[in-house]
Amino acid sequence: MQSAVNGIAGRISTISVSSTAKVAADAEKLRAAGMDVVDFGAGEPDFPTPDNIKQAAIRALEQNFTKYTAAAGTLELRKAVCERHARDFGTGYRPEECLIGVGGKHVIFSLMQALINPGDEVVIPVPYWVTYQDVVRYAGGQCVFVPTDEQNGFALTAAMIEPHLTPRTKMVIVNSPTNPSGAVLDRGEFEGIFRLTSSRGIYLLTDECYCRFLYDSEPFSIASLPGARETVLVAGSLSKTYAMTGWRIGFGLVPAPVVTAMNKLQSHSTSNPTSISQKAAVEALQGPQDAVSVMLAEYRKRRDYVVGRLRAIPGVTCAEPRGAFYAYPNVSVVIGNRGIGNAHQVAERLLAEEQVAVVPGEAFGTDCHVRISYATSMRELERGLDRFHRFIVRNSEA
Ligand SMILES: Cc1ncc(COP(=O)(O)O)c(C=O)c1O
């Protein structure tokens, strides 16, 4: 690899800073300058971490559980992850097939480092979560993008995946419910994708980050199918499910040799996820789960409100999100007008003219949408959508 300017390693030039992090920084700059910003950019619950989880962390501190742990996480937490997954989805993972990471993002990063060789192809449906393509490229892999159709609610099917599988395909990534569109993969299609990958010895990475936030279907894990544990890689996270984004706990449920490889990497990088967070995570997984249903009910109310408001804006279309907490409206109606050339410029102008922060679709592989996170209060949604409506109407005129 060629050396880069200023001595920065060439591999860093294969990736970009996360667009969601950039939107947060731009919004923060305006806020610091005293502007009244409505932030629809943040992909994190606006709820506090439930009290029982916070109390478990306080107990960990009081009991001086503040030292290094095993690099792959404590046995207590790995058991708790396996038990929760078994209870929720009927899987049968053992602790040696489980690894705890510093958030789901870190788990996905380590998985790519552990499995992808230069030239390996990784199939990624579009729109996709911003991080996948960067972590695949950083590992030397090639991204193979599979478009989905907005008219069908961005639904993914096995037939869409099949033509993209080649002898070089190492992995297919599926994220259901999907960030940014809220699309949920039909169970039959998920099983169809699994048959395609398992029969060819291709890994199927299922990112279950939003698996408990479903509006009209039952939680399901492809890892519960017989024989799935050989080729299915589960990436899970406590961040959204338990409103624990800052605690940084995620997990992988993967074949034991893959745990060994990831553990090697982790032992030289993070050492271990924070000991206190691990104790809190055990409580999150083993304690009462009511907070999750309370959040889901609130997200459903907001989803209905947001989609209703977006569809009432002339020229704007919005596929119904069936899970997660994002809406992904099509804003083509303003593209081509008043110097706005793409979704990136829609987001820039919306922030400058109306102080509303959204993430442009380019971050997710499409250039005529923006992502609105409705993990914020109804009052902020009302204020922000009033401004968004005004912005679109004003800029719809050529
Ligand atoms: C689809 C998806 N996967 C994984 C993650 C990782 O979350 P965390 O690293 O906080 O566990 C996110 C966070 O936004 C996400 O949207």
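When a ligand or atom number is given, it counts from 1 through the structure's own listing order. The basis for the numbers below is simple: all heavy atoms, side chains too, and nothing from hydrogens, waters or symmetry mates.
- Close contacts of ligand 1 with Tyr210, meaning ligand atoms under 4.0 Å from a residue heavy atom, involve 1 (C), 2 (C), 14 (O), 15 (C), 16 (O).
- Atom 7 (O) of ligand 1 has as its closest protein heavy atom Ser237 OG, 4.1 Å.
- For the pair Arg371 and Phe364, the cation-pi test (distance below 6.0 Å, angle within 45°) is failed.
- Taking the six-membered ring for Trp and thresholds of 30 and 60 degrees, Tyr326 and Tyr210 have ring planes more than 60 degrees apart, a perpendicular arrangement.
- Here Ile276 is tied into one hydrophobic group with Leu61, each link being a pair of ILVMFWY side chains closer than 4.5 Å.
- Here's the thing with His106: none of its N/O atoms is less than 3.5 angstrom from an N/O atom of ligand 1.
- The nearest protein atom to atom 2 (C) of ligand 1, hydrogens excluded, is given as Asp207 OD2, 3.4 Å; this is a heavy-atom distance.
- Of the heavy atoms in Arg248, only side-chain atoms (C-beta onward) come closer than 4.0 Å to ligand 1.
- Annotation for ligand 1: atoms under 4.0 Å from non-hydrogen atoms of Cys209 are 2 (C), 3 (N), 4 (C), 5 (C), 12 (C), 15 (C).
- Note that Arg303 lies outside the cation-pi zone of Tyr374, set by a 6.0 Å cut-off to the ring centre and a 45° limit from the axis.
- If you look at Lys240 next to ligand 1, the close heavy atoms, those under 4.0 Å, all belong to the side chain.
- For Lys170, the salt bridge (charged side-chain N to carboxylate O under 4.0 Å, His left out) partners two or more places apart in sequence, or in a different chain, are Asp120.
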